[in-house]
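Since we're looking at a predicted model, the values are computed, not measured.
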Amino acid sequence: AAHMLMIPDLLNYFLTGIKSSEYTIASTTQMYDPNEKCWAVPLLEKLGLPERILPDIINPCTVLGHISPTLQDELNVGEIPVVAVAGHDTASAVAAVPAKEDRFVYISSGTWSLLGVELPHPVINDKTLLLNYTNEAGINRTTRLLKNIMGLWILQECRREWDMEGNNLTFEQIEELASQSKPFSSFIDPDDDLFYGPGNMPGKVRRFCLETGQKAPETIGEICRCVMESLALKYRLTIEGLEDILGYELPVIHIVGGGSQNKMLCRFTADASGKPVVAGPSEATAAGNLSAQLMALEEIKDLAEVRDIIAKSCKTVQYTPYDKCRWDDAYGDFLSVIRRRKESLEKEQA
């Protein structure tokens with residue numbers, strides 16, 4: 001190989017003929033040094049990987065060049081500038097978080113949930129290793145300290161199974177059934193390996209509950225409620241881990257992406273965490289992409305102005321926590337389920 005380009009960089013190359021590596025996507029390769037903010041050359045040498053195939057790293061919000069002459073002729077256009085945006089979709093989404101606070105939790109919610117904080121520097125120590133948090137890059141050379149959590153994949157797969165059984169329900173109808181079901185009847189760990197593959201997801205939810213000594217949910221509403229409550233409680237566990245690492249409290253949660261439209265999940269997240277939730281925008285990645293272009297073209301000054309514009313332009317919904325005592329009790333039960341599952345898997349491996 002002569003060159004290695006990540007997918008966003010490859011698209012930029014197709015447009016311009018220029019080979020480069022954008023900062024946020026480079027940070028996900030495990031060949032990048034978060035502290036030195038450059039390719040991890042000593043690591044590459046130890047692994048026998050040729051440094052020569054890696055292009056120079058450029059910052060997001062950079063005018064990379066112009067559409068190539070070949071494309072200009074084909075499209076009958078002039079020298080349209082091509083901007084290197086935050087090529088990692090979560091980095092673009094986080095740029096569009098309409099936060100007014102310096103300290104906040106973001107959840108980029110969709111099939112996956114990316115939950116983290118925005119920091120000026122990476123945090124790499126024994127605690128982040130033990131708790132399995134990662135450092136990825138953001139716009140303005142920031143660091144996104146985050147964890148990947150299974151998101152709405154489980155519910156999406158459940159719905160696909162119910163559709164095949166003839167229960168053609170919308171997500172809103174499923175949530176209505178869940179709202180009529182008994183709360184806190186059973187819990188799952190959304191990140192358990194059992195849920196990573198497709199196929200018979202309702203059966204997998206029941207199986208997890210039975211294997212951890214719980215009553216298995218049977219109806220559509222019971223299964224949905226189990227999944228949504230468990231996901232909200234997993235968010236609380238992950239936020240507590242961040243606060244432990246950082247040594248301070250995170251006062252507000254911003255949920256962006258498609259999951260911000262899931263009213264039940266947003267409500268449960270506020271209640272489970274005891275923190276206010278601001279939901280929206282749903283198209284955060286697209287908004288962050290556009291914002292990077294505007295900053296590169298000097299139409300917008302900085303990230304603070306971006307967030308102010310998005311806060312004024314996009315509809316958000318706020319959820320205030322309540323019923324804390326019941327959710328605290330449920331959290332204790334959830335942690336017990338997580339512990340039992342871990343102990344069971346450790347015995348199997350032994």
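Scanning both residues, Tyr106 and Leu145, for their nearest heavy atoms gives OH-O, 4.2 Å. Nearest heavy-atom pair across Ala95 and Ile139 is CB-CD1, 3.7 Å. Ser186 and Pro217 get closest at one heavy-atom pair: OG-CD, 3.7 Å. Contact detail for Met150 and Thr111: the closest heavy-atom pair is SD-O, 4.0 Å. What you find for Asn35 and Ile124 is that their closest heavy atoms are ND2-CD1, 4.1 Å. Scanning all heavy atoms of the two residues, the minimum distance from Tyr235 to Ser109 falls at OH-OG, 4.2 Å.
The pair Lys347-Glu343 does not meet the salt-bridge criterion, since no charged nitrogen lies less than 4.0 angstrom from a carboxylate oxygen. A salt bridge links Glu118 to Arg307: one of the charged nitrogens lies within less than 4.0 Å of a carboxylate oxygen. Using a cut-off of 4.0 Å between Lys/Arg side-chain N and Asp/Glu carboxylate O, Arg341 and Asp193 are scored as not salt-bridged. Ion pair Glu243/Lys275 flagged as a salt bridge, since at least one NZ, NE, NH1 or NH2 atom sits closer than 4.0 Å to an Asp/Glu carboxylate oxygen.
For Gln30, the CD atom counts as loosely surrounded, since its 6.0 Å shell holds 12 or fewer non-hydrogen atoms of other residues, nucleotides or ligands. Within a 6.0 Å radius of CG in Asp126, other residues, nucleotides and ligands contribute 12 heavy atoms or fewer. Around the CD atom of Glu161, the shell of radius 6.0 Å holds more than 12 heavy atoms that belong to other residues, nucleotides or ligands. The number of heavy atoms from other shown groups lying within 6.0 Å of CZ (Phe171) is above 12. In this structure, Asp244 places its CG atom where more than 12 heavy-atom neighbours from other residues, nucleotides or ligands lie under 6.0 Å away. Annotation: Gln173, atom CD; neighbour count of heavy atoms from other residues, nucleotides and ligands within 6.0 Å is above 12.
Remark: the backbone N or O of Leu265 is paired with a side-chain donor or acceptor of Thr269 at under 3.5 angstrom. Arg225 places a side-chain N or O within 3.5 Å of a backbone atom of Ala178 that can act as its donor or acceptor partner. Checking side-chain atoms of Ser92 against main-chain N and O of Asp89 turns up no donor-acceptor pair under 3.5 Å. For the pair Lys147 (side chain) and Leu131 (backbone), a donor-acceptor distance under 3.5 Å is present. The backbone N or O of Thr70 sits nowhere less than 3.5 Å from a side-chain atom of Glu74 that would complete a donor-acceptor pair. Without hydrogens or angle criteria, Lys204 side chain to Gly197 main chain gives a donor-acceptor distance under 3.5 Å. A distance-only check finds no donor-acceptor pair linking the side chain of Glu175 to the backbone of Asn262 [under 3.5 Å]. Remark: side-chain polar atoms of Tyr133 are paired, donor with acceptor, to backbone N or O of Thr238 under 3.5 angstrom. At least one donor-acceptor pair under 3.5 Å links the side chain of Gln72 to the backbone N or O of Ile67. Without hydrogens or angle criteria, Asp189 side chain to Ile338 main chain gives no donor-acceptor distance under 3.5 Å.
Two residues are said to be in side-chain contact when any heavy atoms from C-beta on lie closer than 4.5 Å; Leu54 and Leu44 meet this criterion. A 4.5 Å side-chain heavy-atom check between Cys224 and Leu177 finds every atom pair outside the cut-off. Counting heavy atoms from C-beta outward, His88 and Arg144 have side chains that approach closer than 4.5 Å.
Exactly one of Val278, Leu250, Val252 qualifies for a side chain to side chain contact (heavy atoms under 4.5 Å, CB included) with Glu101. That residue is Val252.
Ring geometry, Trp39 versus Tyr32: the interplanar angle exceeds 60°, so the pair is classed perpendicular (tilted spans 30 to 60°). Ring pair Phe195/Phe208 is tilted by interplanar angle, where 30° to 60° counts as tilted.
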*Apply side-chain hydrogen bond (donor to acceptor under 3.5 Å, both in side chains) to Thr320 and Gln318, showing your working.*
CA-CA 7 Å; Thr320 303; Gln318 301 199 25; over 6 Å; no
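Atom OG of Ser179 is separated from atom CD1 of Ile174 by 12.5 Å, given to the nearest 0.5 angstrom. Taken from CD1 in Ile253 to OG in Ser273, the straight-line distance is 3.5 Å, to the nearest 0.5 Å.
A distance of 6.0 Å or more separates the ring centres of Trp153 and Tyr196.
Arg326 forms no cation-pi arrangement with Phe184, by the criterion of a distance under 6.0 Å to the ring centre and an angle within 45° of the ring axis.
Counting only N and O atoms by type, the side chains of Glu22 and Thr24 include a donor and acceptor under 3.5 Å apart.
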